[in-house]
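All remarks here apply to the structure that follows.
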Number of protein chains: 2
Amino acid sequence: MSDVSSSSVASRSNTQRGDHSAPNSSGQGDASAGAGPQDRPRAVGRPARPRAGEIRDFLEQEIVTGERRPGERLDESAVAARFGVSRTPVREAINQLVSAGLVDQIPNRGAFVRGMGLAELVEMFEVMAELEGMAGRLAARRIGEGERKRLREAMAACAEAAESSDTDAYYYENERFHQAIYDSCGNAFLAAEARRLHIRLKAYRRLQLRVPQRMRQSLAEHQRIVAMIEAGDGEGAEAELKSHISVQGERFADLVASLKAPLPRG
Amino acid sequence: MSDVSSSSVASRSNTQRGDHSAPNSSGQGDASAGAGPQDRPRAVGRPARPRAGEIRDFLEQEIVTGERRPGERLDESAVAARFGVSRTPVREAINQLVSAGLVDQIPNRGAFVRGMGLAELVEMFEVMAELEGMAGRLAARRIGEGERKRLREAMAACAEAAESSDTDAYYYENERFHQAIYDSCGNAFLAAEARRLHIRLKAYRRLQLRVPQRMRQSLAEHQRIVAMIEAGDGEGAEAELKSHISVQGERFADLVASLKAPLPRG
DNA sequence: CTCATGGAAATCGTATACAATCTCCTTGAC
DNA sequence: GTCAAGGAGATTGTATACGATTTCCATGAG
């Protein structure tokens with residue numbers, strides 16, 4: 001229900017990974033300023049599918065994947081030219097990204113990709129751990145038959161990906177696993193909030209899997225989590241999930257520290 | 001920090017309570033369609049203060065106070081006429097309300113005031129309890145001298161308001177008390193998230209104080225919370241805060257049930 | 001050399017115009 | 001009488017235009 005509001009950003013076309021080379025008209029890899037000559041004279045009127053959402057998803061992908069660097073400015077006119085649209089839908093898209101917390105808007109300076117510093121990332125993981133733990137605790141008591149099946153399937157898929165050492169696949173299935181827990185907690189609002197945070201941490205979560213052996217360890221944790229939920233042990237599931245996420249946070253800190261990539265804040 | 005993103009909606013001019021009779025031009029209580037003759041010919045160009053935010057805050061007030069009934073349609077043209085502006089800033093305002101979760105948008109039907117049903121309110125209070133509990137637990141370990149002083153002052157103010165049975169004052173000081181806890185948890189992101197939820201529940205929180213003896217009991221709970229934090233007992237503070245909020249949720253359900261105001265969902 | 005002041009350019013927020021799509025109601029046939 | 005097809009109206013999403021405000025840079029004085 002509250003999906004409409006919270007997870008509005010990046011709701012559609014998120015499963016299509018890869019394949020985001022260029023918006024539409026300018027097939028060239030010309031990056032930022034573009035403003036190439038528009039062959040088609042800008043179709044006026046109401047398009048079949050709203051362009052604003054499309055632009056939002058695309059920009060979000062660029063930000064989350066790190067293609068757009070933190071601190072980079074999102075120029076309305078440039079983006080508009082790049083997509084072959086006017087500033088109006090671009091403004092709408094950027095506003096939504098601001099609401100989602102991926103972009104900061106400075107009153108008369110413009111919109112900038114929000115670079116999250118290490119401190120803030122740790123804070124966000126701390127909250128994420130709490131929310132996930134809560135979801136797990138509630139799920140242990142409230143999960144239904146359908147969701148239980150989904151959860152099992154998601155974990156099986158994780159296991160399969162881990163066995164074939166397919167990091168990308170594991171990343172994807174891991175998403176599904178956690179979504180399944182959110183949906184099993186019997187609190188749609190909590191699920192939506194968790195999803196929102198999850199999206200916001202997506203870019204950094206992906207890095208974690210680079211840590212050696214992380215995938216295997218993650219899978220083991222998943223198995224313990226499912227066991228707790230299946231046993232109806234709410235406190236146990238909460239503890240497992242909390243440490244699962246917290247470890248991610250710590251690991252991430254380790255990774256960042258070792259890479260000497262401070263991820264500049266502003 | 002993340003105030004910019006998360007609590008963007010209803011960030012300013014929220015402390016100014018009351019004083020929201022009419023937008024600007026049409027002083028008449030003419031409600032919806034309006035479209036009265038605009039004496040001033042619609043100032044074009046960039047206004048000193050953006051009108052969109054103003055409109056958003058106003059609509060938010062109307063929704064939160066129940067002036068706009070759940071399920072009511074927000075007609076862009078009507079709102080625009082009422083404020084004496086074009087559809088553009090109104091669209092922006094409505095989009096922000098959608099992001100904030102106060103309004104639902106149905107693709108080709110329009111925007112509708114989101115009526116939060118009892119079920120969803122309970123869900124939100126459940127999450128609120130968790131976040132507040134977390135903030136308290138962290139605050140018990142991390143609170144500094146300055147914040148400790150602020151917390152004590154806030155509680156003293158609560159006590160004073162309770163003694164004089166001033167419900168309005170207590171409502172206000174209670175806000176400050178909880179804000180103080182948020183700010184003491186050493187996690188700015190958590191503080192921002194808690195504040196966001198707090199705002200969203202504001203309308204319903206106010207009703208709670210109508211319950212007999214609630215104010216006195218709330219104060220007692222506050223005292224226990226502070227005691228736990230001062231003692232550095234994180235788990236204790238968490239438990240106290242959780243039950244503090246949860247009680248509010250249950251009490252609220254009682255209140256709603258007794259008032260026979262089902263608050264229809266959609 | 002530092003600081004204040006002026007103007008020009010960039011940028012933002014809003015007004016207006018317009019076309020495509022959807023909804024709803026009417027009209028007609030079976 | 002019921003259902004389908006058609007069109008008129010309403011509504012939406014986007015394009016374009018424009019003025020006000022702000023920022024940035026240059027030029028000048030102290």
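Letters A, B, ... are given to chains in the order of the sequence lines, protein chains preceding strands, and every chain is numbered from 1. Below, all heavy atoms of this structure are taken into account, side chains as well, without hydrogens, waters or symmetry copies. Remember, predicted model here, so these are calculated numbers, not experimental data.
Relative orientation of the A:Tyr182 and A:His198 rings is perpendicular, given thresholds of 30° and 60° on the angle between their planes.
Computed from coordinates, the A:Ile106 CD1 to D:dC24 P distance equals 10 Å when rounded to whole Å. Rounded to whole Å, the distance from CG on B:Asp75 to P on D:dA10 is 11 Å. For the pair A:Glu54 CD and D:dG13 C1', the interatomic distance rounds to 13 Å; values are reported in whole Å. Atom C1' of nucleotide D:dT12 and atom CG of B:Asn95 are separated by 12 Å, given to the nearest angstrom. Distance B:Arg56 CZ to C:dT14 P: 11 Å, rounded to the nearest Å. To the nearest angstrom, P of D:dT14 lies 7 Å from CZ of B:Arg91. Rounding to whole angstrom units, CZ of residue A:Phe83 and C1' of D:dT14 are separated by 15 Å. When rounded to the nearest whole Å, the span between CD of A:Glu92 and C1' of C:dC12 equals 17 Å.
Where A:Arg109 and A:Ala52 each meet DNA chain D at their nearest nucleotide, the meeting point lying more 5' is that of A:Ala52. If B:Glu76 and B:Thr88 are placed on DNA chain D by their nearest nucleotide, the residue sitting closer to the 5' end is B:Glu76.
We find that B:Arg51 and B:Glu92 are not joined by a salt bridge, their nearest charged nitrogen and carboxylate oxygen being 4.0 Å or further apart. The pair B:Arg195-B:Asp183 counts as a salt bridge, with a side-chain nitrogen and a carboxylate oxygen less than 4.0 angstrom apart.
Contact annotation: A:Arg87 side-chain N/O to D:dA17 OP1/OP2 distance is not under 4.0 Å.
Checked against C:dA15, D:dT14, D:dT11, the side chain of B:Arg73 finds its nearest nucleotide in D:dT11. Of the candidate nucleotides D:dA15, C:dA15, D:dC18, C:dA15 has the atom lying nearest to any side-chain atom of B:Pro89.
Residues B:Asp104 and B:Val113 fail the side-chain proximity criterion, which asks for heavy atoms closer than 4.5 Å.
If you check distances only, the side chain of A:Arg49 never reaches the base of D:dG13 with a donor-acceptor pair under 3.5 Å.
Every salt bridge (charged side-chain N to carboxylate O under 4.0 Å, His left out) that A:Glu130 has, sequence neighbours left out, goes to A:Lys242, B:Arg137.
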